[in-house]
Amino acid sequence: FRHLHPFVAQRILSLFEVLSKKHQRLLRSGEVASNETADEQSWDVSTLEEVLRMLLEIINSCLTHMLAYNPHLVYALLHRRELFPPYEAHPALQDIISNINTVLSFFSLRLEQTDSCSVDLVLNAITEGSRQWPRNSLKVFPDLRFKYVEEENPDEFFVPYIWSLVAVSPVLCWQGRFSLSH
């Protein structure tokens, strides 16, 4: 991603916060859960961890490859830096959190050197800092790849859906009674 809008950067971190809170809540409730729900909660926790990792990988990809073009993402990360410490020791997330902490440390140091903390001054400090950002200071992960997995019988959904679109389409005019049977 290049030139993420401030709203988008904030929403990405808001999504991380919501998922993180749910993850933490499930972990706390899992300690007192009965054996019957323990398997369900374990599945929910592992699914949430996968989604959290995917979201962190997206953030990390932006930082690794396009840091200079995403000052609003860096700003949002600095603003919401309290979200990440709970995952610093998490085995599935610590490698990516380490990269994010590297970015946060670098830019926090830059911001400590500024006199004022207005939004414009912070963004200017981030922009200047990104020009001085040491290349190869973040661990590079493999590129993100998402794969479409087709259902076993996709025609059960798509054929009726397509026909419903065709039947109501103003482009096609049906004369007389419409029937699929001969």
- prompt: What's the shortest heavy-atom distance between Phe106 and Pro134, and which atoms?
  reply: CE1-CD, 3.8 Å

- prompt: For the residue pair Trp133 and Ser137, what are the closest heavy atoms and their distance?
  reply: CZ2-OG, 3.0 Å

- prompt: Between the side chains of His79 and Gln10, is a donor N or O closer than 3.5 angstrom to an acceptor N or O?
  reply: no

Interatomic distance, Asn101 atom CG to Tyr87 atom OH [nearest 0.5 angstrom]: 13.5 Å

field: ring pair (Phe, Tyr, Trp, His ring centres under 6.0 Å) partners of residues 49-70, not counting sequence neighbours, each pair once
entry: His3-Tyr69

task: Give a yes or no on whether the ring-centroid distance for Tyr75 and Phe107 is below 6.0 angstrom.
output: no

message: Could you tell me if the side chain of Ser108 sits less than 4.5 Å from the side chain of Leu111, heavy atoms only?
response: no

query: How many angstroms lie between atom CG of Leu52 and atom NZ of Lys22, to the nearest 0.5 angstrom?
result: 11.5 Å

- prompt: Does any non-hydrogen side-chain atom of Thr127 lie less than 4.5 Å from one of Arg131?
  reply: yes

task: Could you tell me whether a side-chain N or O of Ser164 sits under 3.5 Å from a main-chain N or O of Tyr161, the two making a donor and an acceptor?
output: yes

Ion pair Arg53/Glu50, N-O distance below 4.0 Å: no

- request: Check whether any side-chain heavy atom of Val74 sits under 4.5 Å from a side-chain heavy atom of Leu123, and report yes or no.
  value: no

message: Quick one, Glu128 with Arg110, criterion side-chain contact (heavy atoms from CB on, under 4.5 Å). Give me CA distance, side-chain angles, the key distance, then yes/no.
response: CA-CA 9 Å; Glu128 289 299 317; Arg110 297 270 176 219; over 6 Å; no

query: Is there side-chain contact between Arg81 and Leu78, with at least one heavy-atom pair below 4.5 Å?
result: yes

- prompt: Partners of Phe7 by ring pair (Phe, Tyr, Trp, His ring centres under 6.0 Å), sequence neighbours excluded?
  reply: none

task: Could you list all the salt bridge (charged side-chain N to carboxylate O under 4.0 Å, His left out) pairs where at least one residue sits in residues 83-92, not counting sequence neighbours?
output: none

message: Count I, L, V, M, F, W, Y as connected when their side-chain heavy atoms are under 4.5 Å apart, and connections chain through other members. Are Val140 and Ile100 then in the same cluster?
response: no

query: Within the side chain of Ser98, is there an N or O that forms a donor-acceptor pair under 3.5 Å with the backbone of Gln94?
result: no

message: Could you check whether any side-chain N or O of Asn70 sits under 3.5 Å from a backbone N or O of Met66, counting only pairs where one atom can act as donor and the other as acceptor?
response: yes

- prompt: Would you say the side chain of His72 lies within less than 4.5 Å of the side chain of Leu4, judging by non-hydrogen atoms?
  reply: no

- prompt: Atom CG in Leu13, atom CG in Leu55: separation rounded to 0.5 Å?
  reply: 8.0 Å

- prompt: Is the shortest side-chain N to carboxylate O distance from Glu17 to Arg80 below 4.0 Å?
  reply: yes

message: Let me confirm one number: the CG-CD1 distance from Leu138 to Ile96, rounded to the nearest 0.5 Å.
response: 11.5 Å

- prompt: Going from CD1 on Ile97 to CG on Asn99, what distance comes out if it is rounded to the nearest 0.5 angstrom?
  reply: 9.5 Å

field: Other residues, nucleotides, ligands: >12 heavy atoms within 6.0 Å of Asn136 CG
entry: no

- prompt: If Ile, Leu, Val, Met, Phe, Trp and Tyr residues are connected whenever their side-chain heavy atoms lie under 4.5 Å apart, and connections chain through other members, are Val119 and Val8 in the same group?
  reply: yes

- prompt: Is there a donor-acceptor contact under 3.5 Å from the side chain of Thr64 to the main chain of Ser61?
  reply: no

statement: Rounding to 0.5 Å, atoms CG (Leu77) and CG (Leu73) come to a distance of 4.5 Å

